[in-house]
Every structure is written in structure tokens, then in C-alpha cells.
Amino acid sequence: FPSLALVIFKSRQERALKGFIIALLGSLLISAMIFLSLERTASILTLLASFGVMFLLALSIKAYRLKICLAMLVILVAGITAGVKIPKIKHRAIFFSQELADFINTPYGQLFIAGQNLWQNNGPLTGIGYRNFRLACPQLEASKLVNYCTTHIHNFYLEWLFETGIIGFFIFLSLIIALISPFFKSYFALFKADQHPPSLFSLLYILMPFAGLMIIIFPIAATKSFFSNWPATIIWTSLALNIAIYDRFVKDLKPKLAK
């Protein structure tokens, strides 16, 4: 999302229609590859982010509303068709729905039970301690309280809550709020700056880095560990990319936002 926004930005600056078209086609190709990879979290988050951007654009700009709604409908129909016609996608979708229906007995459900048990028994305020889940969970597995354990709980928010307690969790939430609040301020500032609705590109420059950011910090998703080395490198690099590109766009939008 941020890379696509940057390409659109540069193409518009240089009035290069070819670059703009290539960027759009490239984004469609990458999205298709993500869906065909059958990786559930990546596919669902990409779809949610895409629909979120399109919904806000349709809500914000009346002139594009019908076209955007039609595009959303086409994407939805294409997704449903792929799920029905392609056996691997159909099987994956059925398996996913069955896991949701029986979440507690899935590996993720067992990790949640283990984390909740350890958090409550070791003090909700301070949690079980930084990176201690990997040490404490096998004890619960040995005592048959859960039937699955791994090194972390596979969710940023639960990892912070269970390992650092309520105190650490609120610090983490403060970080999340600090990351997303500038996007909201800029979005609403665009509507205050002019009597007319903001332009499509002005909204894209804000919404697309925000969509990229939300893919990383979306609360209801299976994730890597926030505290491990190489996953944390990917997380912080992705956060930095989205924020840096957003900051570049805001510099160009500042004259309009300052009105």
C-alpha cells in the first residue's frame, strides 16, 4: 500500500500516465498473488485494507461513489467465484470457517487459554514477564491444561497483555494511538481546508499508508512475536516505511491543511 501510493505520487508529479497504470496493474497482480498463496492472514488483511480504503473514498467523494462501489462489487464477486471454482481456495475457506467455529480447540485457541491462565495466575498488572510465555506454557501442557504450546501467543496485543500485564499493555496501546492519530488528524483536516471535498489523490496519500499501517497492527490477526529479533525487524521496517511515506505526502499537503 505505501509503495503503491509512492509510485502514484511520483507518477502524478512527473505527469507520467504510464507509471500510474503500471502501478495499478502491479498492485492488482500482487494482490492476486497474495490471495492465490492461500495465506489466510495476509489475504484477509489485504482484502480488509483494500475495502477500507475504497469505502472511505466512496464516503468522502460523492463523484466517485458509484464507480468505487461497482469496483468493490466486482472484487467481491471475483473472490466468491474463485472460492467456489478453485478447489484449493474452497478447501482453505471451509477449513478456516471450521476453525472459527471451534476456535478454542485450535492451536491458536489453546495458546489463548494458556496465556490467559498464566496471566491471571501471575498477576494481571505485571503479567508473566517479558518472553516468559515460551518457558511457562510447556508446564501447562505437561499438566494437560492445554494440548499445544509454542514460543509465543501469535498476537501482538495478547502478547503484550499476557507478558507485560495491564501496565505494559497500556504503554503498547499508547504507542498504537501515537502511530495512527496523525492519519486521522490529516484526514479530517482535508475536509476543513476547503469548501469542496478533497481530491482523490489527496485522500489516497493519507489512506494508503494508513492501510499499510493497519495491516501490521490490526488487533484480530495471527502475528509473529513482537519481541523476537527477525520478526521485529520486519515489523519496525514496515512501520517505518508507512510512516516515512505518509510524512512525505503530508509535506506536500501542508499548504492545503494549513488553510
Query raised in the report: Is there side-chain contact between I75 and L47, with heavy atoms separated by less than 4.5 Å?
Result: yes
Query raised in the report: Any luck finding a side-chain donor-acceptor pair between Y246 and S186 under 3.5 Å?
Result: yes
Query raised in the report: Got a second to check how far M208's CE is from L57's CG, nearest 0.5 Å?
Result: 9.0 Å
Query raised in the report: Roughly how far, to the nearest 0.5 Å, is the NZ atom of K185 from the CD1 atom of I180?
Result: 11.5 Å
Query raised in the report: Under 3.5 Å, side chain of R65 to main-chain N/O of L59, donor-acceptor pair present?
Result: yes
Query - Ring geometry between F226 and W160 (parallel below 30°, tilted from 30 to 60°, perpendicular above 60°) - result: perpendicular
Query raised in the report: How many angstroms lie between atom CZ of F169 and atom CZ of F156, to the nearest 0.5 angstrom?
Result: 13.5 Å
Requested in this report: Can you tell me which residue pairs pass the ring pair (Phe, Tyr, Trp, His ring centres under 6.0 Å) test with a partner in residues 102-123, sequence neighbours excluded?
Outcome: Y108-H154, W119-F162
Report summary line: When rounded to the nearest 0.5 Å, the distance separating CG of N122 from CG of N117 is 8.5 Å
**Report entry** N147 side chain reached by N105 side chain, heavy atoms, under 4.5 Å
**Finding:** no
Query raised in the report: At their closest point, which heavy atom of A222 faces which heavy atom of T41, and how far apart are they?
Result: O-CG2, 3.6 Å
Query raised in the report: Any donor and acceptor pair, going by atom type alone, linking the side chain of E163 with main-chain N or O of R131 inside 3.5 Å?
Result: yes
Requested in this report: Determine the interplanar angle of the F184 and F210 rings, folded into 0 to 90°, and report it as parallel if under 30°, tilted if 30 to 60°, perpendicular if over 60°.
Outcome: perpendicular
Query - Within-4.5 Å side-chain heavy-atom neighbours: H152 and T223 - result: no
Requested in this report: Indicate yes or no: at least one non-hydrogen side-chain atom of L175 is less than 4.5 angstrom from one of L179.
Outcome: yes
Query raised in the report: Near I220 CD1, under 6.0 Å, is it more than 12 heavy atoms from other residues, nucleotides or ligands?
Result: no
Query raised in the report: Does any non-hydrogen side-chain atom of L111 lie less than 4.5 Å from one of F133?
Result: yes
Query raised in the report: Are I113 and L135 co-members of a hydrophobic cluster defined by side-chain heavy atoms under 4.5 Å apart?
Result: no
Query raised in the report: According to a 4.5 Å side-chain heavy-atom criterion applied to Ile, Leu, Val, Met, Phe, Trp and Tyr, with indirect links allowed, do L145 and I104 form part of one hydrophobic cluster?
Result: yes
Query raised in the report: Hey, are the side chains of F183 and L207 touching, using non-hydrogen atoms and a 4.5 Å cut-off?
Result: no
Query raised in the report: Just wondering, more than 12 heavy atoms not from F218 lying within 6.0 Å of its CZ?
Result: yes
Query raised in the report: Does the pair I245 and Y205 meet the rule for a side-chain contact (heavy atoms from CB on, under 4.5 Å), with working shown?
Result: CA-CA 9 Å; I245 291 177; Y205 298 155; over 6 Å; no
Requested in this report: State, yes or no, whether a side-chain contact exists between L56 and L203 at a heavy-atom distance under 4.5 Å.
Outcome: no
Requested in this report: Spell out, as yes or no, whether a donor-acceptor pair under 3.5 Å connects the side chain of N155 to the backbone of L158.
Outcome: yes
Query - Neighbour count above 12 (heavy atom, 6.0 Å) for F55 CZ - result: no
Report task. State the SG-CD distance between C137 and Q110, to the nearest 0.5 angstrom. Result -> 9.0 Å
Query - Pair S60-Y187, side-chain donor/acceptor within less than 3.5 Å - result: yes
Query raised in the report: Same hydrophobic cluster for V53 and L73, using side-chain heavy-atom links shorter than 4.5 Å among ILVMFWY?
Result: no
Query - Geometric class of the H91/F95 ring pair [parallel <30°, tilted 30-60°, perpendicular >60°] - result: parallel
Query raised in the report: Which distance, rounded to the nearest 0.5 Å, do you find between the CG of L125 and the CD1 of I166?
Result: 5.0 Å
Query raised in the report: Is N132 reaching over with its side chain to a backbone N or O of I128, donor-acceptor style, under 3.5 angstrom?
Result: yes
Query raised in the report: Any donor-acceptor pair under 3.5 Å linking the side chain of S97 with the backbone of I94?
Result: yes
Query raised in the report: Between N242 (side chain) and S238 (backbone), is there a donor-acceptor pair under 3.5 Å?
Result: yes
Report summary line: In short, T106 meets E99 closest at the heavy-atom pair CG2-O, 3.7 Å
Query raised in the report: Honestly curious: do L45 and L100 fall in one hydrophobic cluster under the side-chain, below-4.5 Å linking rule?
Result: yes
**Report entry** Min side-chain heavy-atom separation L239-I216 under 4.5 Å
**Finding:** yes
